[in-house]
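Down below is the structure, laid out as structure tokens.
Computation of the quantities below employed the complete heavy-atom set of this structure, encompassing side-chain atoms and omitting hydrogens, waters and symmetry-equivalent molecules. Just so we're clear, the structure is a prediction, and the values are computed from it rather than from any experiment.
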Amino acid sequence: MKILLLGKNGQVGWELQRALQPLGQVVALSRFGKGDLVGDLTDLSGLYRTLSNYKPDVVVNAAAYTAVDKAESEPALARRINAEAPQVLAECMAKLGGWLVHYSTDYVFDGSGDHRWCEDQSTAPLNVYGQTKLAGEQAIQASGCQHLIFRTSWVYAARGGNFAKTMLRLAAEREQLKVIDDQIGSPTGAELIADITAHSLRIADCKPKVSGLYHLAADGEVSWYGYASFVIEQARQAGKVLAMQKIAAITTADYPTPAQRPLNSRLDCSKLRNIFGLHLPHWQNGVRRLLSEYKEY
């Protein structure tokens with residue numbers, strides 16, 4: 001199996017470099033590309049040439065425009081990367097007869113209610129980021145290529161910055177923190193996403209009918225406030241000395257941002273579990289492992 005991975009240096013892309021290796025020959029590209037291979041999602045003609053010449057069996061697109069607030073002032077660039085580039089990838093893979101794996105987001109929903117969102121429920125993104133990610137999904141589905149689209153939420157990774165590390169740093173510096181308590185989701189590790197991607201591709205290679213859209217998030221749910229409280233509790237249990245005395249719960253309205261965020265990011269992942277025979281671990285398991293591997297923890 002020839003696999004072309006785009007976005008190798010991102011949170012999910014970094015873990016995919018490891019998880020995809022047992023499946024075959026993996027060529028991993030950053031936006032700078034490699035030789036004649038183009039990895040820059042703003043270069044649509046270059047992407048098309050790359051796929052046409054390399055002829056991969058699978059393209060895994062882990063690259064995206066993810067600066068949610070900045071997208072409000074850069075809608076054209078966000079659309080080029082999140083919608084137009086996936087369309088080029090999908091149309092090319094449809095011609096080659098291969099698979100396209102793509103990642104999307106809970107931001108395609110309006111975040112109303114307190115239910116878990118299913119794949120077939122109506123979408124209504126609140127911001128430019130969500131709108132462009134939805135357009136990318138739709139372009140892939142319309143292309144007719146074999147695809148696995150994974151919608152996920154609250155992604156974190158041990159490599160680079162993440163919410164848990166930020167909370168620990170601030171808790172060591174400040175006596176009080178203010179954290180949003182009315183946005184609910186499930187922190188989902190990039191490692192989990194990468195492993196599920198590899199598992200799903202093994203099955204997809206034998207069962208083309210699994211092509212489609214899936215929700216992929218860790219089990220359980222929590223607010224950002226609850227997430228921060230858990231991280232700090234774990235740190236204190238491990239003997240970490242923190243300056244923080246109090247975490248104050250605030251609302252989304254108390255912390256305005258250029259892009260509106262959904263309040264309800266709960267995803268129903270039963271389709272993924274049933275089709276691929278998977279167990280999705282509780283979000284606390286992944287965060288505990290993250291903290292155990294954090295050198296400064």
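Between H102 and N61, the side chains place a donor N or O and an acceptor N or O closer than 3.5 Å (distance only, hydrogens not considered). Side-chain polar atoms of R288 and S292 form no donor-acceptor pair below 3.5 angstrom. Residues E91 and Q87 have side chains that bring a donor and an acceptor to within less than 3.5 angstrom of each other.
At least one donor-acceptor pair under 3.5 Å links the side chain of T188 to the backbone N or O of A218. At least one donor-acceptor pair under 3.5 Å links the side chain of K165 to the backbone N or O of A158. Listed for the S186 side chain is no donor-acceptor partner under 3.5 Å among the backbone atoms of E221. Checked by atom type and distance alone, the side chain of D182 never pairs as donor or acceptor with a backbone atom of T251 at under 3.5 Å. Proximity of a side-chain donor or acceptor of Q245 to a complementary backbone N or O of A243 within less than 3.5 Å is detected.
Salt-bridge annotation for R236 and E233: absent, with no side-chain N of the basic residue lying under 4.0 Å from a carboxylate O of the acidic one. Under a 4.0 Å N-O distance rule, the pair R273/D219 does not qualify as a salt bridge. Salt bridge present: E137 and R151 bring a charged side-chain N and a carboxylate O closer than 4.0 Å. Using a 4.0 Å cut-off between charged nitrogen and carboxylate oxygen, D195 and R18 count as a salt-bridge pair.
Within a 6.0 Å sphere centred on NZ of K2, heavy atoms belonging to other residues, nucleotides or ligands number more than 12. Heavy atoms from other residues, nucleotides or ligands lying under 6.0 Å from NZ of K95 number 12 at most. With a 6.0 Å radius and a threshold of 12 heavy atoms from other residues, nucleotides or ligands, N274 has its CG atom above the threshold.
The aromatic rings of W224 and W154 sit parallel, their planes meeting at an angle under 30°, below the 60° perpendicular limit. Between W283 and Y227, the angle of the ring planes goes over 60°, which puts this pair in the perpendicular group of the 30/60° scheme.
With rounding to the nearest 0.5 Å, the separation of CD1 in I184 from OG in S265 is 9.0 Å.
Contact check for Q146 versus V58: no side-chain heavy atoms found under the 4.5 Å cut-off.
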Residues L41, Y65; criterion side chain to side chain contact (heavy atoms under 4.5 Å, CB included); working and verdict
CA-CA 9 Å; L41 266 64; Y65 185 110; over 6 Å; no
Step by step, would you call L272 with L278 a side chain to side chain contact (heavy atoms under 4.5 Å, CB included)?
CA-CA 7 Å; L272 179 73; L278 290 167; 4.1 Å; yes
